[in-house]
Amino acid sequence: MKRQPARRPSARPLPTRRARSDEQVTSLRGICLAEGPFTAESLEALVGIRADRLRLTLSFWRSCGFIQRAPERATYRPTKTARSLAASWRRDDVHGRQAAGNALKGQWFARSVRARLLQGPALRTGLVTRLMRLAQVGDEYRLEVEMLIDLMVELGLLMPQPGSKLSWCEDTAPTSERADGPHSNSAEPGPAPQDKAAEDEEPTAGSPDPGQEPSSEAPEPPEPEEPASRATGGAAVPPPRAAVGDSLLELLSSPVQLADLASLSTDELLSLHGHITALAATAVKLRSRPSPDPTD
């Protein structure tokens with residue numbers, strides 16, 4: 001049997017696709033409730049999920065700042081952020097999920113999705129395309145990005161809407177402490193230094209917590225600059241006219257890609273269709289006018 005070629009690493013941390021979203025949230029609950037260093041086996045005894053499945057989830061939760069490696073082999077310990085969520089998880093599952101979702105608001109994926117959904121609900125496929133572009137991955141990572149959306153739904157950051165759309169939830173309960181992970185901030189975070197494109201999408205105030213615990217992971221590569229048409233989440237917008245004599249062809253020369261159309265809402269698509277129809281009708285009228293030059 002021919003071996004599949006190895007996938008190139010993604011530019012951003014992504015959750016595993018080999019564990020269900022509810023299992024990954026349960027893994028996070030166990031991490032927050034751990035009272036000291038733990039292994040996947042000790043976490044299994046705490047949450048009741050097999051150690052081999054829990055082990056698949058640890059890398060992503062570590063990238064989010066909830067766990068750090070302990071000196072012992074295959075051993076981890078919860079960070080200050082994870083410990084600050086323990087009281088909410090002990091209260092009940094709903095409060096635990098809300099607190100965890102709040103702690104994730106400073107992550108690259110939450111910042112990008114929120115910036116898009118502040119304009120209104122959007123199709124799930126458009127959000128997946130947006131996150132794949134930021135993670136610099138292709139369809140080989142689509143299941144991981146779909147899982148990322150599922151986790152945001154599980155933790156109350158996203159609310160499903162009719163027509164396969166999602167909206168942003170702003171009523172996530174606040175946590176008692178700021179995040180201390182390598183890529184996380186407070187509930188209304190300022191942009192992390194490496195998230196320059198996300199900073200362009202959503203300018204906020206604040207700065208990373210100076211009390212963050214060190215991370216052994218290498219910093220993520222900077223996010224690529226987005227074209228103006230994608231940063232706005234809509235169709236390509238031509239540059240402003242520099243002079244009255246600019247031709248219509250120059251104004252309409254910027255291409256519209258399928259990924260741009262997928263991120264538009266229904267109202268935006270209808271509005272775009274109306275503009276194109278009106279433009280076509282005007283072009284027909286112009287072509288049907290008689291030539292001003294004499295023929296004889």
Side-chain angles (χ1 to χ4, degrees), residues 7 10-28 56-57 60-61 63-64 94 97-98 100-172 183 195 197-198 200-202 223-224 226-236 256-273:
R7 301 187 300 178
S10 62
R12 300 283 181 176
L14 296 171
T16 179
R17 60 181 176 181
R18 296 163 59 190
R20 301 192 312 269
S21 59
D22 61 305
E23 292 178 325
Q24 300 196 45
V25 172
T26 300
S27 170
L28 177 58
L56 296 171
T57 70
F60 179 69
W61 293 135
S63 74
C64 293
V94 173
R97 288 170 182 251
Q98 288 178 333
N102 187 76
L104 288 174
K105 282 186 176 180
Q107 297 296 319
W108 68 273
F109 49 86
R111 291 171 57 82
S112 177
V113 168
R114 180 179 182 272
R116 170 61 184 89
L117 295 182
L118 287 180
Q119 308 169 26
L123 290 171
R124 179 187 176 106
T125 54
L127 297 178
V128 169
T129 300
R130 182 185 183 94
L131 294 178
M132 288 174 61
R133 184 175 69 249
L134 295 180
Q136 301 178 34
V137 296
D139 283 339
E140 70 274 13
Y141 279 96
R142 179 172 291 274
L143 292 179
E144 282 84 351
V145 177
E146 292 276 6
M147 180 61 67
L148 196 52
I149 297 290
D150 290 340
L151 287 176
M152 284 190 278
V153 173
E154 290 271 357
L155 297 175
L157 292 176
L158 297 178
M159 177 68 68
Q161 301 293 339
S164 300
K165 290 187 175 182
L166 294 167
S167 62
W168 181 260
C169 297
E170 288 288 0
D171 58 351
T172 305
H183 312 296
D195 288 336
D200 295 336
E201 296 171 351
E202 181 196 4
E223 197 171 288
E226 295 188 41
S229 61
R230 296 183 177 180
T232 58
V256 178
Q257 300 184 7
L258 183 59
D260 298 321
L261 296 178
S263 63
L264 293 177
S265 65
T266 303
D267 292 338
E268 290 170 336
L269 286 172
L270 291 175
S271 176
L272 180 61
H273 179 268

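With rounding to the nearest 0.5 angstrom, the CE atom of M132 is 11.5 Å from the OG1 atom of T125. Note that NZ of K165 is 11.0 Å distant from CG of L127, once rounded to the nearest 0.5 Å. To the nearest 0.5 Å, atom CG of residue L14 and atom CG of residue L131 are 8.5 Å apart. In this structure, the separation between CH2 on W108 and OG on S63 is 9.5 Å, given to the nearest 0.5 Å. Interatomic distance, CG of L117 versus SG of C169, reported as 9.5 Å (0.5 Å rounding). Going from atom OG of S21 over to atom CG of L155 covers 9.0 Å, rounded to the nearest 0.5 Å.
Minimum interatomic distance between S10 and R12 (heavy atoms only, all atoms of both residues): OG-O, 2.5 Å. Between S112 and R130, the shortest heavy-atom distance links the atoms OG-NE, 2.9 Å. Nearest heavy atom pair, residue R116 against residue G120, reads NH1-O, 3.9 Å. Contact detail for R111 and K105: the closest heavy-atom pair is CG-O, 3.6 Å.
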- [ ] Begin with the C-alpha distance, continue with both residues' side-chain angles, and end with the deciding distance and a verdict on side-chain contact (heavy atoms from CB on, under 4.5 Å) for L28 and Q24.
- [x] CA-CA 6 Å; L28 177 58; Q24 300 196 45; over 6 Å; no
Task: Chi angles and distances behind the side-chain contact (heavy atoms from CB on, under 4.5 Å) call for V128, E146 - done: CA-CA 6 Å; V128 169; E146 292 276 6; 3.9 Å; yes
TODO: Let me see the working for R133 and V145 under side-chain contact (heavy atoms from CB on, under 4.5 Å), right down to the final yes or no.
DONE: CA-CA 10 Å; R133 184 175 69 249; V145 177; over 6 Å; no
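For L56, the side-chain contact (heavy atoms from CB on, under 4.5 Å) criterion is met by T16, R18, not counting sequence neighbours. Every residue meeting the side-chain contact (heavy atoms from CB on, under 4.5 Å) condition with R7, not counting sequence neighbours, appears here in chain and number order: R17, E140, Y141, E144. Partners of E154 by salt bridge (charged side-chain N to carboxylate O under 4.0 Å, His left out), not counting sequence neighbours, listed by chain and number: R97.
Between the side chains of Q161 and S167, a donor-acceptor pair is found at a separation under 3.5 Å.
A donor-acceptor pair is defined here as one N or O able to donate and one able to accept, closer than 3.5 Å; no such pair exists between the side chain of Q107 and the backbone of L104.
F60 has its side chain within reach of L151: a pair of non-hydrogen atoms, C-beta onward, lies under 4.5 Å apart. In this structure, T26 and T57 have side chains that are not in contact, with every pair of non-hydrogen atoms separated by 4.5 Å or more.
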